[in-house]
**Student:** 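My structure is below; once you've seen it, I'll send some questions.
Because only heavy atoms are used, hydrogens play no part in the values below, and waters and symmetry mates are left out as well, while side chains stay in. Order of the sequence lines fixes the chain letters, A, B, ..., with proteins taken first and strands second; residue numbering starts at 1 for each chain.
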4 protein chains.
Amino acid sequence: MPKLGMEPLRRRALVAATIAEIGAVGSLEVTVSNIARRAGVSSALAHHYFGSKDKLFLAAMRAVLTDFGAEVRAALRGVRDPRQRLSAIVRVSFSETSFRPEVIAAWLNFYVHAQNSDETQRLLRLYQARLHTNLMHALRPLAGPRADTIARTTAALIDGLYIRQALRDPAPDARRAVQLVTDYLDDALAASAPLPERTPA
Amino acid sequence: MPKLGMEPLRRRALVAATIAEIGAVGSLEVTVSNIARRAGVSSALAHHYFGSKDKLFLAAMRAVLTDFGAEVRAALRGVRDPRQRLSAIVRVSFSETSFRPEVIAAWLNFYVHAQNSDETQRLLRLYQARLHTNLMHALRPLAGPRADTIARTTAALIDGLYIRQALRDPAPDARRAVQLVTDYLDDALAASAPLPERTPA
Amino acid sequence: MPKLGMEPLRRRALVAATIAEIGAVGSLEVTVSNIARRAGVSSALAHHYFGSKDKLFLAAMRAVLTDFGAEVRAALRGVRDPRQRLSAIVRVSFSETSFRPEVIAAWLNFYVHAQNSDETQRLLRLYQARLHTNLMHALRPLAGPRADTIARTTAALIDGLYIRQALRDPAPDARRAVQLVTDYLDDALAASAPLPERTPA
Amino acid sequence: MPKLGMEPLRRRALVAATIAEIGAVGSLEVTVSNIARRAGVSSALAHHYFGSKDKLFLAAMRAVLTDFGAEVRAALRGVRDPRQRLSAIVRVSFSETSFRPEVIAAWLNFYVHAQNSDETQRLLRLYQARLHTNLMHALRPLAGPRADTIARTTAALIDGLYIRQALRDPAPDARRAVQLVTDYLDDALAASAPLPERTPA
DNA sequence: AATGAATGAGGATTCATTCAT
DNA sequence: GATGAATGAATCCTCATTCAT
């Protein structure tokens with residue numbers, strides 16, 4: 001029962017199915033057929049709308065990054081205090097939207113995919129650059145010349161906590177992840193500023 | 001012209017070729033044929049010795065971890081001072097053996113592979129546990145109750161720095177990576193200990 | 001915004017697009033979608049009007065033959081002298097309408113298609129029969145018993161010159177083609193006329 | 001029961017099967033699977049040895065041309081008289097090896113394929129060039145300045161007779177084809193030379 | 001010890017065709 | 001009259017794996 005205006009719906013469904021499938025399988029070795037089945041359509045339709053498996057991956061990745069970016073912007077909206085902005089960034093990095101097993105798995109796989117896809121690489125760099133910008137904006141007033149180092153460390157720490165979740169032993173523990181990064185930031189800022197103010201855990 | 005005692009040589013060559021191929025291709029989507037060609041043998045021989053592609057992967061992974069473990073042990077041998085032991089661990093983590101593009105790529109891919117291979121998962125956990133043990137051993141005298149947190153943060157940070165190198169933008173910068181982790185440790189230990197002693201960059 | 005009386009326009013457009021597409025692609029491996037796009041309509045419409053890809057091909061072929069037939073009739077109209085009728089037939093065979101790369105390509109492909117389509121085969125035979133009739137009509141007074149042989153040779157020569165153009169090396173050279181056939185006819189008729197009487201094959 | 005040294009056998013079998021299949025189907029729309037089945041092997045093996053469908057086509061075409069070239073050389077060996085050389089060329093063009101329905105169909109399809117394959121185009125040009133050279137060699141002493149025209153006409157005539165056989169109405173009639181070309185040559189040479197010597201049919 | 005030969009299974013992709021609107 | 005939506009069927013191609021030698 002074909003209807004008009006299905007395209008955006010199908011696209012969204014296929015993108016969601018792609019992320020879910022990558023998450024479920026745990027690698028990029030997913031079949032277009034399975035993704036399509038998950039989205040309730042034929043594999044031919046996936047090709048009809050996206051042209052190729054690779055383009056579908058790219059669309060999925062863009063969706064993940066777009067979602068993340070939107071969440072960050074929302075979380076930062078109206079927050080002026082640098083320390084609170086930092087907290088917001090960290091919190092969103094491990095939010096329920098992003099820090100789910102399937103998204104984590106997708107994320108990890110996108111890093112792998114970046115090794116062979118310029119566009120994926122570009123997207124990941126874009127994400128990193130944005131994160132860095134956001135962190136720097138908040139860190140500069142707090143850490144002065146050490147801002148850059150702290151920003152890089154924080155970003156690496158976040159990625160490291162993601163990759164470690166990929167082992168899936170315990171369910172991803174967002175709380176603990178946030179805590180670790182927060183602790184790190186406390187220490188780092190304490191060491192940078194004359195009058196460290198420790199935030200309560 | 002088959003010779004006697006070739007087995008260990010072939011095995012080693014195939015394992016090395018596996019790592020190299022994964023590194024070159026940037027994903028686990030490598031073919032046994034290509035690995036075998038790289039090792040200068042037929043793909044049938046790879047199966048003869050390892051039984052399956054998966055077993056070959058596992059062997060490669062074990063080799064990486066074994067090498068790393070050996071390097072760590074060597075670096076720690078004779079070093080008693082906790083802070084120096086910490087430095088040694090960090091240094092080895094970014095040593096020339098491990099922090100090469102191809103090994104980084106292999107590493108990243110093993111994390112992916114772990115999603116579907118219990119044995120790979122077990123191996124990665126083993127690596128993590130050993131690293132944790134080593135870190136704790138050195139951190140306990142320095143950071144007391146905070147040792148665990150710092151150890152986890154350090155481990156995540158190392159993994160995060162690895163994954164970030166996977167984007168291959170600049171060649172892997174081991175020096176900078178070591179510096180970041182060292183800085184982190186300085187701050188963390190400064191915050192933990194009564195009398196922080198900053199190590200010179 | 002569908003309009004009334006569109007059918008003949010659409011049909012013509014689709015038929016023209018079919019020939020053009022076959023010519024452009026150089027084989028029958030054209031898609032209905034591409035043909036339809038070229039005609040500015042949806043592929044569904046092509047099916048609506050023609051029922052199937054094959055029927056569309058047939059329609060295109062009929063169009064080519066009809067055009068050719070009409071051109072021949074026009075060229076022969078009012079011409080009474082046998083030698084001039086011969087010339088007219090040859091001229092039309094390499095006229096600007098027919099001897100264009102795309103039509104040549106289509107022609108060649110119709111010969112291929114005839115291998116599997118009775119209807120196409122029938123059409124090509126019809127074309128051949130008509131050409132033969134026309135040639136015979138003009139040749140009988142000029143060559144008597146040799147008319148049949150000369151007619152067959154002329155027809156084969158024309159087809160041969162077509163197929164050779166399919167290699168597209170130089171742009172089709174109609175002038176030269178006409179010249180070759182004319183020369184042939186001159187020789188053949190010279191050998192047939194007044195004195196020499198050829199032995200029957 | 002795999003044996004050693006199968007490669008050349010398989011290659012030959014696959015090439016023969018390709019020609020046969022194209023001949024049977026009457027177009028290039030044959031599947032590798034069917035070709036392979038005809039050769040008694042799996043489609044995977046066809047890819048193993050030839051790399052792709054297109055390469056297999058090319059190999060088949062080369063085989064056809066090579067066979068034809070060898071036959072021509074054999075027929076010309078030891079023949080010195082120009083008129084007899086001409087006859088030999090014509091005879092071989094319609095020999096039992098070449099003028100079979102399946103080879104005719106393959107031939108026709110190679111002309112089509114040439115529209116999209118540079119290599120096929122190159123091969124066909126090569127065939128044309130060789131034929132032209134052979135014809136010229138024999139015609140120059142007989143027709144002087146008209147040799148070129150006669151050679152081109154003869155070549156086109158041969159191709160035209162081939163394409164006409166593609167309609168398959170009657171089984172290919174080699175005798176008649178040879179006769180037509182011979183008659184043509186007689187006329188043309190009669191018109192060129194002062195003292196035509198008619199060869200007996 | 002080592003490999004060439006061979007294949008089954010599987011996956012991306014294409015496309016003619018159908019149908020509800 | 002016209003089309004977007006949708007798919008089943010096909011086809012090329014790849015690859016891990018097996019086996020006889």
**Student:** Can you name the closest pair of heavy atoms from B/N109 and B/G26 and give their distance?
**Tutor:**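 Reported closest heavy-atom pair: ND2-O, 3.5 Å.
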**Student:** Can you tell me which nucleotide in E/dA2, F/dA5, E/dT18 comes closest to the side chain of A/M6?
**Tutor:**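 Nearest to the side-chain atoms of A/M6, counting from C-beta on, is F/dA5.
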**Student:** Donor-acceptor pair, distance only, cut-off 3.5 Å: does the side chain of D/N116 make one with the backbone of C/V25?
**Tutor:** yes
**Student:** Is there a side-chain contact between D/V15 and D/F50, using heavy atoms and a 4.5 Å cut-off?
**Tutor:** yes
**Student:** Of the nucleotides F/dA2, E/dG8, E/dA6, which has the atom closest to the C/R10 side chain?
**Tutor:**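 The listed nucleotide nearest to C/R10's side chain is F/dA2.
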**Student:** Please enumerate all residues that pass salt bridge (charged side-chain N to carboxylate O under 4.0 Å, His left out) together with C/R10, with sequence neighbours excluded.
**Tutor:** none
**Student:** Reading DNA chain F from 5' onward, which residue's closest nucleotide shows up sooner: C/S43 or D/E29?
**Tutor:**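 Final value for this comparison: C/S43.
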**Student:** A/F57: which residues meet the ring-ring contact (aromatic ring centres under 6.0 Å, His included) condition with it, sequence neighbours left out?
**Tutor:**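 Residues passing ring-ring contact (aromatic ring centres under 6.0 Å, His included) with A/F57: A/H113.
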**Student:** What integer distance in Å separates D/R11:CZ from E/dG4:P?
**Tutor:** 15 Å
**Student:** So which of B/Y111, B/W107, B/F110 actually passes ring-ring contact (aromatic ring centres under 6.0 Å, His included) with B/Y127?
**Tutor:**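 Single pass found, and it is B/W107.
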**Student:** Any residue in residues 48-64 of chain A with a heavy atom nearer than 4.0 angstrom to DNA chain E? Just list them by number, or reply none.
**Tutor:**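 Within residues 48-64 of chain A, the residues near DNA chain E are A/S52, A/K53.
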**Student:** Can you measure B/L45 atom CG to E/dA5 atom P for me and round it to whole angstrom units?
**Tutor:** 17 Å
**Student:** Taking for each residue the nucleotide of DNA chain E with the nearest heavy atom, is it D/A44 or A/S33 whose nucleotide lies nearer the 5' end?
**Tutor:**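 Looking at the nearest nucleotide for each, D/A44 comes out on the 5' side.
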**Student:** According to the Watson-Crick and G-U wobble definition with distances under 3.5 Å, which dot-bracket string, read 5' to 3', encodes DNA chain E, using [ ] for crossing pairs and | for pairs with another strand?
**Tutor:** .||||||||||||||||||||
**Student:** Please report the distance, rounded to the nearest Å, between CD in D/E7 and P in E/dT3.
**Tutor:**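 After rounding, the reported distance stands at 17 Å.
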**Student:** To the nearest angstrom, how far is B/L28 atom CG from F/dA16 atom C1'?
**Tutor:**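 Rounded to whole Å, this separation is 15 Å.
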**Student:** Specify the separation, in whole Å, of atom CG of C/N34 and atom C1' of E/dA16.
**Tutor:** 13 Å
**Student:** What's the closest nucleotide to the C/V41 side chain, out of F/dA6, E/dT3, F/dT3?
**Tutor:**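 Of all the options, the side chain of C/V41 is nearest to F/dT3.
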**Student:** Need one value for D/S42: base, sugar-phosphate or nothing, where a base atom within 4.0 Å counts as base even if backbone is also close, heavy atoms only.
**Tutor:**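 Answer is base: heavy atoms of D/S42 come under 4.0 Å of a base.
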**Student:** Which atom names give the shortest non-hydrogen contact between A/A106 and A/I22, and what distance separates them?
**Tutor:**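 Result for this residue pair: CA-CG2, 3.8 Å.
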**Student:** Can you name the residues that form a side-chain hydrogen bond (donor to acceptor under 3.5 Å, both in side chains) with D/R11, not counting sequence neighbours?
**Tutor:** D/E7
**Student:** In terms of side-chain heavy atoms of B/H47, which of E/dA2, F/dA16, E/dA6 is nearest?
**Tutor:** F/dA16
**Student:** Starting at atom CG of C/L14, determine the distance to atom P of F/dT3, rounded to an integer number of angstrom.
**Tutor:** 10 Å
**Student:** Extract all donor-acceptor atom pairs below 3.5 Å that involve side chains of residues 27-35 of chain C and protein atoms in other chains or at least two apart in sequence.
**Tutor:**
{"from": "C/S27", "atom 1": "OG", "to": "C/E29", "atom 2": "N", "distance (Å)": "2.9"}
{"from": "C/T31", "atom 1": "OG1", "to": "C/N34", "atom 2": "N", "distance (Å)": "3.0"}
{"from": "C/T31", "atom 1": "OG1", "to": "C/N34", "atom 2": "ND2", "distance (Å)": "3.3"}
{"from": "C/N34", "atom 1": "OD1", "to": "C/R37", "atom 2": "NH2", "distance (Å)": "2.8"}

